[in-house]
2 protein chains.
Amino acid sequence: MNLKQLSDMLALSQTTVSRALNGYPEVSEETRRRVADAAKRHGYRPNPSARRLATGKAGMIGYVMPTGAAVDIDPHFVEFLSGLGDYARGHELDLVLSPADADEEETTYRRVVANKQVDAVYVSSPRPADRRVSLLNQLGIPFIVHGRSEGLDFDYAFLDIDNEAAFHDAARLLVQLGHTRVALINGDLGETFAILRERGARRALAASGLALAPERMRSAAMTEENGFRAATSLLQGDAPPTAILCSSLIMALGVVRAIRDLGLSIPGDVSVIAHDDVFPWLKPENFSVPLTTTRSSIRAAGQRIAERLAAKISGLESDPRGEVWPVDLVVRGSIAGAKS
Amino acid sequence: MNLKQLSDMLALSQTTVSRALNGYPEVSEETRRRVADAAKRHGYRPNPSARRLATGKAGMIGYVMPTGAAVDIDPHFVEFLSGLGDYARGHELDLVLSPADADEEETTYRRVVANKQVDAVYVSSPRPADRRVSLLNQLGIPFIVHGRSEGLDFDYAFLDIDNEAAFHDAARLLVQLGHTRVALINGDLGETFAILRERGARRALAASGLALAPERMRSAAMTEENGFRAATSLLQGDAPPTAILCSSLIMALGVVRAIRDLGLSIPGDVSVIAHDDVFPWLKPENFSVPLTTTRSSIRAAGQRIAERLAAKISGLESDPRGEVWPVDLVVRGSIAGAKS
DNA sequence: ACTGTCAGCCAAAGCGCTTTGAAGACCTCT
DNA sequence: AGAGGTCTTCAAAGCGCTTTGGCTGACAGT
């Protein structure tokens with residue numbers, strides 16, 4: 001059933017039927033009802049390809065997915081997808097994933113935009129002065145960044161959590177508990193979120209005259225194994241930390257294993273605070289010693305991003321504003337006062 | 001730059017240019033070269049919307065993503081995505097995710113197919129006599145199932161690992177080691193993979209006159225917490241198992257925690273074998289006691305599925321054949337002979 | 001009674017591609 | 001020389017929608 005058949009059936013022109021269906025004002029209420037009725041009864045659905053060709057609108061949002069033999073997609077991504085789905089279903093909003101070689105992302109963005117395959121784009125894991133953000137800004141397609149990029153000379157839309165405050169508060173709490181040797185096991189320092197977390201922790205320590213020494217920092221992809229390695233090397237050095245801040249729950253698994261392997265205890269010998277992105281399959285309260293966390297749900301962020309993206313597409317959101325969410329600090333058994 | 005401009009520029013008709021570019025035979029070699037040349041030089045790329053409208057081909061593959069407040073997308077999904085990306089990048093093959101309410105998937109499949117939004121579809125986590133598979137078969141769109149569905153009266157294309165053999169072999173190994181009380185902590189028994197794993201384990205036990213008693217089986221979503229609960233209740237019952245088969249590495253985290261919490265040891269008191277889907281962020285060899293696993297990479301499966309989907313789209317694969325991959329059994333320190 | 005306005009509808013022109021049906025050019029064969 | 005092929009190329013007709021630019025008739029204003 002296409003528009004022509006439907007309009008023939010109603011003895012109306014395609015114009016009128018199209019307008020009736022798309023809510024244009026120049027159609028009488030009665031006609032609109034008749035049309036809507038017939039459309040529903042016959043299960044008419046406009047052909048999206050045709051509509052896209054005519055309007056240039058795609059009704060989809062895009063994501064250029066970096067891949068490559070050496071690239072692993074983050075498990076965090078599914079949480080984002082869950083959130084996106086929460087909003088998108090019921091709104092008939094689809095997501096197009098365009099896999100791209102990690103070093104050819106720009107080409108792919110250009111292709112996707114030039115082809116008008118999508119109406120808006122989602123960008124994740126931004127780095128400082130991220131080129132993707134500049135490119136999208138320049139190409140003029142609506143987009144929203146999950147996280148943020150520093151050092152760009154224009155405003156852009158983003159949604160980020162307050163990583164700096166989260167790690168500031170976590171570090172401050174440790175200091176208040178008497179810890180002076182606090183270590184930070186971070187994600188890839190190329191990404192802004194890691195930089196901000198470091199900054200927050202550093203600021204909190206500095207406020208008490210303490211330093212976040214380079215030898216008490218580690219930075220790597222957030223795997224269990226890297227968490228283990230980082231914690232092991234930290235704790236085996238001299239003047240080992242009495243408290244560890246950790247950027248991810250997955251890494252924290254390795255941290256906990258390292259601590260145990262060394263015959264140390266949590267929180268007796270080492271206090272641990274980790275960041276929790278709220279995975280349904282791994283919960284900080286279920287660690288052998290329940291983990292104190294800074295918590296923020298990626299899924300919730302995914303929902304909000306989908307919502308804002310939809311708003312951008314329909315022109316409801318136009319100013320390039322950033323949105324920063326506060327982060328919970330949830331205290332559980334993994335922290336204690338420093339041994340005196 | 002569109003086809004008209006390009007053909008004007010070359011003083012050729014749109015027909016000829018289109019044919020030259022799409023490799024039709026009725027174009028002289030010289031013309032073809034000229035056209036290809038000009039196209040490259042001016043960066044001409046056919047508008048996919050227009051092409052789609054004309055041909056009905058979309059150049060994308062689809063996935064209907066079940067979502068809902070109570071639905072969590074599996075972290076396994078990213079591994080699949082990584083694999084898909086491995087193949088798809090370089091082939092300009094995109095993936096469309098259509099979120100759907102978990103109980104309205106059929107509607108969404110119909111919509112996606114009716115709209116010709118995608119050329120082929122990927123189906124995951126099939127159940128016995130899966131209705132999605134019947135539907136797609138009936139709608140006549142190329143598709144491929146990751147896993148398999150039993151009890152359908154037609155053939156269809158699928159890629160599965162040999163879950164039954166994997167758990168058969170794992171169980172047999174435990175029996176050979178003298179274990180008589182073997183437990184199985186499985187995923188959702190509604191899904192075929194879980195049924196097959198149970199069947200495999202059961203068969204191996206039966207071969208030695210042993211039974212897989214219902215009270216030694218647990219089935220739940222594969223989270224750390226569920227692994228913990230299942231193992232705890234198993235080990236606290238009477239005649240507790242001396243060996244546990246576990247369907248996922250994430251659950252195994254909980255299993256290990258439970259064993260430790262109960263003051264038991266691996267493999268001294270309990271042997272453990274888990275299935276490993278090969279996550280880059282959680283490796284069985286890094287468990288405090290390295291875990292014996294049945295191993296099969298989901299990422300590799302994703303690659304293969306993308307490849308076959310592409311083949312189906314271009315008509316190279318037409319027969320509905322199933323492909324079953326063998327599963328490695330990798331022995332590590334978590335198993336030992338049963339205490340006599 | 002005449003003009004102006006406006007609501008409601010329509011025909012037709014795109015959007016950029018593929019594909020059908022034909023036609024011109026150039027040979028070969030009888 | 002004319003019939004019959006084979007190569008190349010082309011004009012034009014879709015694909016199914018949106019949107020521009022009228023057109024018509026009813027009603028209000030003067």
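Chain A is the first sequence line, chain B the second, and so forth, proteins listed ahead of strands; every chain is numbered from 1.
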Touch class at under 4.0 angstrom, heavy-atom based, for [X] against every strand present:
| X | answer |
| --- | --- |
| A/Thr15 | base |
| A/Ala11 | sugar-phosphate |
| B/Thr31 | sugar-phosphate |

So, is [X] close to the [N] phosphate, meaning a side-chain N or O under 4.0 Å from OP1 or OP2?
| X | N | answer |
| --- | --- | --- |
| B/Asn47 | C/dC15 | no |
| A/Ser18 | D/dT18 | yes |
| A/Tyr24 | D/dT19 | yes |
| A/Tyr44 | D/dC17 | yes |
| B/Ser28 | D/dT9 | yes |
| A/Thr16 | C/dC10 | yes |

Would you mind reading off the distance between [X] atom [atom1] and [N] atom [atom2], rounded to a whole angstrom?
| X | N | atom1 | atom2 | value |
| --- | --- | --- | --- | --- |
| B/Arg51 | D/dG16 | CZ | C1' | 19 Å |
| A/Leu10 | C/dG8 | CG | P | 17 Å |
| B/Glu26 | C/dG24 | CD | C1' | 16 Å |
| B/Arg19 | D/dA12 | CZ | C1' | 13 Å |
| A/Gln5 | D/dC17 | CD | C1' | 14 Å |
| A/Asn22 | D/dC17 | CG | C1' | 9 Å |
| B/Asp8 | D/dC10 | CG | P | 11 Å |
| A/Leu12 | D/dC17 | CG | C1' | 17 Å |

Open item on the list: Between A/Phe80 and A/Tyr63, is the ring centroid distance below 6.0 Å?
Closed with: no
Open item on the list: Which heavy atom of A/Arg299 sits nearest to which heavy atom of B/Gly68, and what is that distance?
Closed with: NH2-O, 2.9 Å
TODO: Enter the distance from B/Asp119:CG to B/Lys312:NZ here, rounded to the nearest 0.5 Å.
DONE: 13.0 Å
Open item on the list: With a sphere of 6.0 Å drawn around CZ of B/Arg131, does it hold more than 12 non-hydrogen atoms of other residues, nucleotides or ligands?
Closed with: no
Task: Proximal nucleotide (of D/dC15, C/dA11, C/dC17) relative to the B/Leu3 side chain - done: C/dC17
- [ ] Could you give me the CA-CA distance, side-chain angles and deciding distance for B/Lys57 and B/Arg51, then say whether side-chain contact (heavy atoms from CB on, under 4.5 Å) is met?
- [x] CA-CA 8 Å; B/Lys57 291 279 167 198; B/Arg51 163 176 279 170; 5.9 Å; no
